[in-house]
Protein chains: 2
Amino acid sequence: MELSQRKEKILAAVVEHYIKTGEPVGSKTLLSALDITVSSATIRNEMAELAALGYLEQPHTSAGRIPTNEGYRYYVDNLMGVRPLDESVKRQIEAGVSLKNASPEAILAKASEFLADMTDCAAVSTTPSGENATIKRIEFVPVGTRTGMIVLLTSTGVIKSKVCRSDVDLNSSMIEKFYNIVKSSFLGLPLDDIDTATLQTLVASMGADALTMIPFVSAVSELAQEAMRTMVMLGGQSNILRYREDYGTTAYELMDFLRRGEPISQLLANSKEDFDVKIGGENKFKQLENSSVIMAHYNIDGDNRGSIGIIGPTRIDYASLIPSVRYLTDLVGELLTQTLNEG
Amino acid sequence: MELSQRKEKILAAVVEHYIKTGEPVGSKTLLSALDITVSSATIRNEMAELAALGYLEQPHTSAGRIPTNEGYRYYVDNLMGVRPLDESVKRQIEAGVSLKNASPEAILAKASEFLADMTDCAAVSTTPSGENATIKRIEFVPVGTRTGMIVLLTSTGVIKSKVCRSDVDLNSSMIEKFYNIVKSSFLGLPLDDIDTATLQTLVASMGADALTMIPFVSAVSELAQEAMRTMVMLGGQSNILRYREDYGTTAYELMDFLRRGEPISQLLANSKEDFDVKIGGENKFKQLENSSVIMAHYNIDGDNRGSIGIIGPTRIDYASLIPSVRYLTDLVGELLTQTLNEG
DNA sequence: GTTAGCACTCTTTTGCTATGAGTGCTAACC
DNA sequence: GGTTAGCACTCATAGCAAAAGAGTGCTAAC
């Protein structure tokens with residue numbers, strides 16, 4: 001649906017004013033905000049048509065107009081000025097994500113926290129997916145007479161470690177056996193090939209050694225699972241209280257939603273575009289029906305690997321936050337790529 | 001201040017009723033809740049005296065009474081029935097904290113999460129303090145041509161690892177040198193002895209090797225810092241919305257307070273008693289002036305090492321939650337002790 | 001197509017009047 | 001002297017009506 005230029009100008013003004021104030025916008029208010037030489041009556045006519053088209057709505061007869069989700073959508077797709085990011089904001093973001101010698105988890109946790117502070121929204125991010133990763137290296141570090149730490153390194157640079165415990169005292173022959181198993185069965189294996197069936201075959205093939213090796217083998221498999229699982233990093237839950245009225249009764253549900261990693265990683269993985277904006281009910285999740293999500297995906301070595309996003313009320317400041325989220329996400333991607341390739 | 005038995009009975013009834021309903025309690029309501037054979041007028045007289053003594057207050061003249069912080073304090077110290085925990089609740093708690101082969105961090109994170117769900121409050125816990133810990137073991141695991149992972153194990157069973165990066169390609173002689181330094185300078189050292197001054201002396205004494213060894217040495221020191229730092233585990237922030245009216249305007253500040261680890265670990269470390277209850281303003285932190293904190297300390301090998309607590313509104317159900325927090329904390333202490341000694 | 005004007009709608013505010021919960025006080029009672 | 005019935009008093013709350021105000025939609029004129 002194409003709108004006339006004037007209608008677009010009016011729609012944009014309504015959206016922007018409402019985003020700023022949270023109050024319904026009337027024709028007179030609009031008149032002073034708009035550099036347009038028509039009367040309020042004309043604006044009223046236009047607004048009535050915009051309402052008929054589904055872009056605006058009235059909370060009640062004697063109130064101004066507020067954008068519908070479709071209104072926001074039209075605004076984001078067609079009207080929003082994509083002004084380039086302020087240099088000072090760029091610097092600020094760069095300072096916010098710079099983190100030397102840190103793990104991907106730490107980098108993303110920091111990024112979420114920073115993004116939340118910067119945008120006054122809740123921020124989420126997912127760690128790189130381990131889908132196409134293989135096992136690059138496995139090491140065993142004894143830490144006690146019967147316990148040791150297994151360290152697993154994947155081809156995507158993820159390092160996971162776990163303490164595991166044997167039923168008998170450790171000795172060098174056991175450790176040697178462990179390394180043999182690792183060399184012959186695990187190295188180079190895609191993470192997702194390590195399922196229960198594989199393990200059972202492996203254990204069966206070990207014969208007499210099976211009993212002592214089981215804790216180690218299963219620890220490796222748990223590590224592989226962990227390395228594959230994308231983790232969700234959260235920041236700024238407290239910001240939900242900032243826009244409490246906008247979320248209405250979904251505020252509690254939204255907070256609760258944020259605790260659960262699984263739906264969030266679904267949400268973020270949902271779109272394959274470079275970046276994406278989901279407005280209100282466009283999100284599949286009921287808990288997000290009063291929220292908008294701005295998300296972007298970061299690449300590691302050019303490969304789309306994870307996402308960073310913010311969750312705010314539908315009257316979130318799209319125009320200025322979208323570029324910020326994108327820029328930050330790109331930076332994080334670069335940082336992660338760099339961290340990975342430095343090894 | 002000693003109260004008459006009847007006053008105590010009335011105060012207890014007011015506290016319990018208010019905790020349950022959140023509404024001010026009047027003399028007639030009290031009459032039916034109490035198995036006492038006096039008239040409402042007598043109760044009024046008693047309540048007026050309790051108010052004069054500072055244990056009760058009136059939101060306004062025509063309302064019932066609500067407990068003051070002093071009222072809660074008297075209730076907790078003298079009146080609260082310390083009925084033993086229900087067996088079914090015990091089972092529930094035991095199921096909630098059981099976690100095999102997990103790190104202390106994971107155990108405490110799970111415990112916080114579980115406690116929050118169980119009590120409808122926000123829950124916090126601190127990892128064992130590393131104050132008296134020494135370095136028990138340090139290992140180096142190469143993970144790339146120039147990077148390796150350093151694993152540090154303390155006498156208190158804390159395991160920390162960190163990837164570190166050298167400026168030149170790794171070779172076996174460097175690794176050997178590293179182990180020499182570790183053996184001669186780090187093993188057995190108390191964690192808090194590793195400060196910048198020690199490091200500088202150490203680096204100075206290395207002569208020509210200093211340059212290549214610095215990344216490793218400083219990584220070890222960072223790990224020692226990390227191992228010493230108590231971490232704060234959070235659970236159930238969303239529960240703050242549950243008692244939003246009780247927190248009033250401090251709700252946002254409370255949520256924000258929870259994000260910051262430092263003040264929480266101060267809060268929890270504050271009391272040296274076995275367990276402690278802080279009511280409203282008794283907490284030193286302004287953000288907690290409408291909150292009560294129930295906390296207990298867990299022991300590892302009989303040594304007081306960390307804390308678990310819940311933060312709720314002042315009208316929290318002390319009588320039933322205090323035993324729960326204590327029981328859970330004891331269990332976690334046992335679990336951590338066991339985990340530690342299994343190595 | 002635009003606009004001035006006006007009637008109309010509906011929320012919000014204000015003021016007023018019950019209503020009722022709950023108190024404090026007094027005087028009588030045991 | 002403690003207890004209690006009775007009653008006047010206070011004050012939040014609910015309900016209602018009137019007034020104010022914001023904003024609209026429509027019509028008729030430009």
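Per chain, numbering begins at 1; letters A, B, ... match sequence-line order.
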Practice task
Let me know the distance between CD of E49(B) and P of dG24(C), rounded to the nearest Å.
Solution key: 11 Å
Problem - Residues K286(B) and E253(B) bridged, charged N to O under 4.0 Å - result: no
Exercise for the section: Nearest whole angstrom, please: distance from the P of dC26(D) to the CD of E46(A). Expected result: 15 Å
Practice task
Please report, rounded to the nearest Å, how far the P atom of dG23(D) is from the CG atom of L31(A).
Solution key: 12 Å
Problem - Side chain of N45(B) (C-beta onward), nearest among dG24(C), dT4(D), dT9(C) - result: dT4(D)
Handout entry: Spacing between H60(A) atom NE2 and dG21(D) atom P, to the nearest angstrom
Key = 16 Å
Exercise for the section: Using a heavy-atom cut-off of under 4.0 Å over every strand shown, decide if T37(B) touches base, sugar-phosphate, or nothing. Expected result: sugar-phosphate
Exercise for the section: Let me know the distance between NZ of K28(A) and P of dC6(C), rounded to the nearest Å. Expected result: 13 Å
Exercise for the section: Considering only NZ, NE, NH1 and NH2 on the basic side and carboxylate oxygens on the acidic side, decide whether K20(A) and E16(A) come within less than 4.0 Å. Expected result: no
Completion exercise
By nearest-nucleotide position on DNA chain D, the 5'-leaning member of T42(B) and T61(B) is T42(B)
Handout entry: Listed nucleotide nearest any side-chain atom of Q58(B), set dC11(D), dT23(C), dT3(C)
Key = dT23(C)
Exercise for the section: For the pair T314(B) (side chain) and S292(B) (backbone), establish whether a donor and an acceptor sit closer than 3.5 Å, ignoring hydrogens and angles. Expected result: no
Handout entry: Whole-Å distance separating the CD1 atom of I43(B) from the P atom of dT23(C)
Key = 10 Å
Practice task
Look at the side chain of M47(B) and decide which nucleotide, out of dT23(C), dT24(D), dC11(D), has an atom nearest to it.
Solution key: dT23(C)
Problem - Ionic contact status for D274(A) with R326(A), cut-off 4.0 Å - result: yes
Exercise for the section: Note every stem involving DNA chain D: at least three consecutive Watson-Crick or G-U wobble pairs, i with j then i+1 with j-1, with both distances under 3.5 Å. Expected result: C:1-30 with D:1-30
Problem - Candidates dT24(D), dG24(C), dA5(D) - which lies nearest the side chain of R65(A) - result: dT24(D)
Handout entry: Salt-bridge contact D256(A)-R242(B) (side-chain N to carboxylate O under 4.0 Å)
Key = no
Handout entry: N/O donor-acceptor pair, side chain R44(A) with base dG5(C), under 3.5 angstrom
Key = yes
Handout entry: Comparing T29(A) and A41(A) on DNA chain D - which has the more 5′ nearest nucleotide
Key = T29(A)
Handout entry: Nearest listed nucleotide, side chain of S62(A), among dG24(C), dT24(D), dA22(D)
Key = dA22(D)
Practice task
Check whether any side-chain N or O of S39(B) sits under 4.0 Å from OP1 or OP2 of dT4(D), and answer yes or no.
Solution key: yes
Problem - E57(B) bridged to R65(B) by N-O distance under 4.0 Å - result: no
Exercise for the section: Run the salt-bridge test on D246(B) and R244(B) with the 4.0 Å N-O cut-off and return the result as yes or no. Expected result: no
Practice task
Round to a whole Å and report the spacing from CD of Q5(A) to P of dG1(C).
Solution key: 17 Å
Practice task
Using atom CG of L34(A) as one end and atom C1' of dT2(C) as the other, report the distance to the nearest whole Å.
Solution key: 16 Å
Exercise for the section: Using a cut-off of strictly less than 4.0 Å between a heavy atom of the residue and any atom of DNA chain D, enumerate the qualifying residues of residues 18-27 of chain A by number. Expected result: G26(A), S27(A)
Exercise for the section: Drop me the distance from L34(B)'s CG to S40(B)'s OG, to the nearest 0.5 angstrom. Expected result: 12.5 Å
Problem - With Y18(A) via ring-ring contact (aromatic ring centres under 6.0 Å, His included) - residues at least two apart - result: none
Exercise for the section: May I ask you to say whether D86(B) pairs ionically with K90(B), meaning some side-chain N is under 4.0 Å from a carboxylate O? Expected result: no
